[in-house]
Q: 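One structure, as structure tokens, below. Some questions next.
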Amino acid sequence: MNMGLPPIDLKVFHDNGYTRQECRVTGLWFWTCDPDRDTCGDTEEDEYTFIGAPIISGYDMRGRELKDSMREAFIGFLEKRGHTRIQPYPVLARWRDDIHLTIASIADFQPHVTSGDVEPPANPLAISQPCIRLNDVDAVGRSGRHLTTFEMMAHHVFNKPDEGRMFYWMEECVKHCHDLLCGTFGIDPEEVTYVENPWSGGGNAGPAVEVIVGGLELATLVFMNLAESDDGEIEIKGVKYSEMPLQIIDTGYGLERFCWAAAGTPTIYEAIYPESVEWLKQMAGFSSERFDMNQTELDSLLGEMSRLFGIMNIEAGSDGDRMREVFLARLAERGHSIDVELFTAITEPLSRIYAIPDHMHALANMLGDGLVPSNAKAGYLARMIARRVLRMRDELGLNLSLADLVMHHLDVNYSAERMKQTQEGLVTILKGEEERYDEMLRKGNQVVKTAIKDIPQGVDELPDEILFTINDSHGIAPDLVMNIANDLGWKNLTLRTGFNAEMAERHAAMAKDAAKAVVAKPIVEHVPSVPATIPLYYEDVSQQNFEASVLACLELKGDDIPEGATHGIVLDRTCFYPEGGGQEGDHGSLTCDSASNVILDSRKVDDLVIHLSTGPFEVGDMVHGELDWGRRRQLMDHHTAVHIVGGAARRLLGPHIYQAGANKSVDSARLDITHHKRLSRQDLDEIESLANEVIQKVSRTEKMTLDRKDADRKYGFDLYQGGAPKGSDIRILRIADHDIQACGGTHHDEPGRIGQIRIVRSNAVQDGVERLHIVAGDAAMRYARNQEDILRDAADVFQVPVEELPTKASRMFSEWKDQRKKIESLEAEIVRLRTSGGGEDIAEVDGVRVVIMEVDGDLKTMTKMLKELTLDSSKPTLAVLGSREGGGKLMVATTENSIASEKFNAVDILRGISSHIRGGGGGRPTFAQGGGSNPDGLPDALDAAKQLIGA
RNA sequence: GGGCGCAUAGAUCAGUUGGAAGAUCGCUUGGUUUGCAACCAAGAGGCCGGGGGUUCAAAUCCCCCUGCGUCCA
């Protein structure tokens, strides 16, 4: 067995004088042409060499202009060498269902191209793909090099050696890279090391080369030719792999890092966002004078710090205090002796000034692609970024809104032609986010106040549970809680070292618990190996019956089987549409000479349609299939209507409207759309009107099947509203220019057949996703009739015409309220009358008025009576009331703070007498109440009370 | 996708182990003042989100629904 991978020994290395060495620090093998070098370049001993001394020359510009030239140089170089330029994909990975954001250029081609099912858009190709990665979001601004959003420049090759298609492999790939670095960019070859470091992930692996330039990893070249396999002959990190037919070159060149190496600025942020950094420094009053330095001294210090950060690994959650000590000690070794205060005073504001433009860029990328902020899924990521910006803005004391920040960013750093969202839409969304953030802070203050009000002001720590709950449930981070508590007077409070790391661990543990995915049980145990079912429903959507032969008859399994269905029938062809794309499966019947069965549902398993039948057929039977056409037509009404409503919503509300889910049943349809605020009835009316206009105006829907590559190119990724489809052929439904999407459902050829569309109501599925409830065709009429029935029934109750229902109902309601109040005051009056006189119920014991009587009424009425009796402090009273209602009720009360309450304990008296009604009870010493299950014992209970008290 | 929290007067929110529905602001009326602000006094204003359950007793405990918030993946 061949353990591991062979050395990467290429002609291009030898031709350029490179030799293979083992790194003294990491133990990795690497190639270098510097005779003195014994480290691979990416170690804690290899400092950046380009700070203040650009390693790539000829790029004096900064910011957007620098990025544009660098990108152009890269792609232009590859174009000259036979690569085709591909336009970047969106940062929202809508063609995938496993990730929200595009995290690498290769993500564009996963899973269909990398699996070999679909041809790449070009081969070999060159691209610069905007990516977003939020794993290291805490390090952004602090490390000098981390970014949440960056462009991954790449050349990709998809080889199929078995089919004789081998474009190029390692040798040519590394040569392209080396020629680019040392030729086009003029980098000194001694600064470049190639580190052998096999790559593995997601079931694939292969040899890989990390390209380190001046101590910074500028690129990675991955040669993916292995797939996980139990009897594989190559082992990497304990997993066995074998070669696969598709061999892919996946490279990644960090555009921003090239820019940094060409600019030689203290941090990467000054290279790519220089105007923003300057602007924010000004706005925040950050200048060298503030630290008693001149600009040169400050720059030199920052450069030194950046070099140090480059070799010290700052991990989120590591011990900040210790890290800082080591850092400051090493900084002092380099002639920059500063104390902790100065260090903090410089790095805290600066890290925010650096992070804000990066975060704004990520926001522009995400929202620009039409993302709507939300409390779940990808939308949450955008909200989190927006909140981080707002938080940093507040900490910097900037008098700027999120909208101000984004406008500045678009103006200075962004190429607006990339944006699908309008600038106006962007500003509206961000204004909404800022309002929400302000509201969260306001509420948070209140929450903290309530949570800590019983905690003594002298303590120095808050219970962990309080901090966890406030963070998780109210969005107030622990250190913000400290600030708020401090303002409220708890001056000694501090946050325990490592608390934030503990909280992160806790969240990680929770996420682990939640990871147990529920997999739906298959409805058949074994999928038979018979030819794929031919779908007649695509050729003619109005075909209602057909002849077919039975290929398999299966036993049905699982919980998800309709009542009465016993067998799954597989035919060679069918008009039964199987459940899919939110459209429910068809019903109907199958008949042959010897049997006739009802079909209760149709499902798709792999490429077979399974007819859920009430009985079996023999394999080989010729059957006649008959569709429940009323049901199917209604489903088509609803499915087609959903497309039309979605298109109408997009046209009226904006380009961020995207389908987040849909369901089409017989009674109604649901369409979930992404939108940043709740829809009003007026919004719904407008969408409804436009949808009905479309039905009238568009005479035919257009259906076509395209190769995925052509579909992507022609219509873009908005096609995949219904989710990421599988396979290489994409069925497309087009309703004029109104709506175009990939969809495998059945639709009317003529939209007019729907008749009418009504949007019944909307509700929020989650923040940022609005669910529209739609009825169309006959269902719309049934719905309208049903509504009218409800109205008529309600009107009959009030005995008024339907038109007068609202007036009548509101008058009845206010009368009911008035009368309720009147009854209350009358009850009080009765109590006053009953308790004011002398009578046999009233006695006096030791100067305390004692009232013992049986009354009518429930606990609430009795409570009022007791109030009347005992609230007057000039007449100290002990009252015992009993009622026969609900099994018998007893109440005992004394006048508070009087001789009555001193002499008598209401709870004791109640307990002493409640046995007579077989019950219990309790309360306070001055007010007790109880009940039982023996109303007839009430007189005895009251007599017992008299004896007990001595009245 | 998973977790947590909230819903009480027109507004903002308290409400302890289940046992008498509250505060502040606003509102109305009266007083004070040339007038306003301020102040004093009195008063009105509650299906405690909806539905079910447990209990002698639920704003409070349990379940479901609706609306809202928030954290994590």
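Letters A, B, ... mirror the listed sequences (proteins, then strands); counts begin at 1. Not measured: the values here are computed from a predicted model.
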Q: If you assign A:T863 and A:L381 each to the RNA chain B nucleotide with the nearest heavy atom, which residue ends up on the more 5' nucleotide?
A: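 It is A:T863 whose nearest nucleotide is closer to the 5' end.
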Q: Taking the same atom, P, in B:rG51 and in B:rC4, what whole-Å distance lies between them?
A: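 These two P atoms come out 26 Å apart once rounded.
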Q: When you measure from the side chain of A:K377, which nucleotide among B:rG1, B:rA73, B:rC13 comes out closest?
A: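 Among the listed nucleotides, the one closest to the side chain of A:K377 is B:rG1.
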Q: Kindly say if A:R442 contacts the phosphate of B:rU12, meaning a side-chain N or O under 4.0 Å from OP1 or OP2.
A: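 Looking at the OP1 and OP2 atoms of B:rU12, neither is under 4.0 Å from any side-chain N or O of A:R442.
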Q: Check whether A:W490 reaches the backbone of A:E461 with its side chain - one donor and one acceptor, N or O, closer than 3.5 Å.
A: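 Flag not set: sc A:W490 to bb A:E461 has no pair under 3.5 Å.
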Q: Suppose you measure atom C1' in B:rG26 against the same atom in B:rC65; what distance do you get, rounded to whole Å?
A: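 Here B:rG26 and B:rC65 have their C1' atoms 34 Å from each other.
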Q: Which value, in whole Å, describes the distance between the P atoms of nucleotides B:rA21 and B:rG53?
A: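 Rounded to whole Å, the distance is 23 Å.
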Q: Show me the dot-bracket string of RNA chain B, counting Watson-Crick or G-U pairs under 3.5 Å, with | for pairs to another strand and [ ] for crossing ones.
A: (((((((..((((.....[..)))).(((((.......))))).....(((((..]....)))))))))))).
Q: Check this for me, if you would: do A:R496 and A:D464 make a salt bridge, where the nitrogen-to-carboxylate-oxygen distance has to be below 4.0 angstrom?
A: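 Here A:R496 pairs with A:D464 in a salt bridge, since their nearest N and O are under 4.0 Å apart.
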Q: How many Å lie between CZ on A:R924 and C1' on B:rA20, as a whole number?
A: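 About 6 Å, once rounded to whole Å.
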Q: Any chance you could list the contact pattern along nucleotides 53-70 of chain B? Use B for base contacts, S for sugar-phosphate-only contacts and - for none, protein heavy atoms under 4.0 Å, 5' to 3'.
A: ---BS---------SSBB
Q: I want to check one thing: is the phosphate of B:rG45, taken as OP1 and OP2, less than 4.0 Å away from some side-chain N or O of A:K821?
A: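 So the side-chain polar atoms of A:K821 do come within 4.0 Å of the phosphate oxygens OP1 or OP2 of B:rG45, strictly under.
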Q: Measure across A:I917 and A:K889 and return the closest heavy-atom pair with its distance rounded to 0.1 Å.
A: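 A:I917 and A:K889 have their closest heavy atoms at CD1-N, 4.5 Å.
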Q: For atom P, what is the distance between B:rU28 and B:rG45, given to the nearest Å?
A: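 Comparing P positions in B:rU28 and B:rG45 gives a spacing of 15 Å.
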Q: Any idea which heavy atoms bring A:P478 and A:F499 closest together, and the distance?
A: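 Answer, listing the atom of A:P478 first, then A:F499: CG-CE2, 3.6 Å.
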Q: Could you state the atom-to-atom distance from NZ of A:K449 to C1' of B:rG15 in whole Å?
A: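 My rounded result for the distance is 16 Å.
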Q: Measure CG/A:D97 against C1'/B:rA73 and give the value in whole Å, please.
A: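 Whole-Å distance recorded here is 15 Å.
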Q: Specify the separation, in whole Å, of atom NZ of A:K822 and atom P of B:rA44.
A: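 In whole Å, B:rA44 P lies 15 Å from A:K822 NZ.
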Q: Stepwise, does the side-chain hydrogen bond (donor to acceptor under 3.5 Å, both in side chains) test hold for A:R670 with A:H773?
A: CA-CA 5 Å; A:R670 301 192 312 246; A:H773 297 260; 5.7 Å; no
Q: Classify the side-chain pair A:D672/A:Y658 by whether it contains a donor and acceptor separated by less than 3.5 Å.
A: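 Distance-only check fails for A:D672 and A:Y658.
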Q: How far does the P atom of B:rU33 sit from the matching atom of B:rA20, given to the nearest Å?
A: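 One P to the other, the span is 45 Å.
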Q: Categorize A:S933 for me: base, sugar-phosphate, or nothing, with a 4.0 angstrom heavy-atom threshold over every strand shown.
A: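 If one applies the 4.0 Å heavy-atom cut-off, A:S933 turns out to touch nothing in the nucleic acid.
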Q: How far, in whole Å, is B:rC25 from B:rU66 if one measures between their C1' atoms?
A: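 Their C1' atoms lie roughly 30 Å apart.
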Q: For A:G923 and for A:K817, locate the closest nucleotide of RNA chain B by heavy-atom distance; then report the residue assigned to the nucleotide nearer the 5' terminus.
A: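 Of the two residues, A:G923 wins.
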Q: Do you see a donor-acceptor pair shorter than 3.5 Å between the side chains of A:S374 and A:D767?
A: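 Not at all, the side chains of A:S374 and A:D767 share no donor-acceptor pair under 3.5 Å.
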Q: Please report whether the ring centroid of A:W95 lies less than 6.0 Å from that of A:Y720.
A: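 Not close enough - the centres of the two rings lie 6.0 Å or further apart.
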Q: Write down the distance separating the C1' atoms in B:rU60 and B:rG49, rounded off to the nearest Å.
A: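 Looking at atom C1' only, B:rU60 and B:rG49 are 16 Å apart.
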Q: Nearest whole Å is fine: how far is B:rG19 P from A:L866 CG?
A: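 Whole-Å distance recorded here is 17 Å.
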Q: Might you work through the side-chain contact (heavy atoms from CB on, under 4.5 Å) test for A:L467 and A:M482, ending with a clear yes or no?
A: CA-CA 10 Å; A:L467 292 173; A:M482 294 300 135; 4.0 Å; yes
Q: Using a cut-off of strictly less than 4.0 Å, decide whether A:K453 has a side-chain nitrogen or oxygen near OP1 or OP2 of B:rA14.
A: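 So the side chain of A:K453 is outside the cut-off, no N or O lying under 4.0 Å from OP1 or OP2 of B:rA14.
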Q: Examine the side chains of A:H146 and A:D138 and answer whether a donor and an acceptor come within less than 3.5 Å of each other.
A: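 No, no side-chain donor-acceptor pair sits under 3.5 Å.
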Q: First locate atom CG of A:L948, then atom CD1 of A:I852, and finally report the distance between them rounded to the nearest 0.5 Å.
A: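 Going from the CG atom of A:L948 to the CD1 atom of A:I852 covers 9.0 Å.
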Q: A:Q446 has an atom CD; how far is it from atom P of B:rA7, in whole Å?
A: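 After rounding, the reported distance stands at 12 Å.
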Q: I'd like the C1' distance from B:rA57 over to B:rC13, given in whole Å.
A: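 So the two C1' atoms sit 27 Å from each other.
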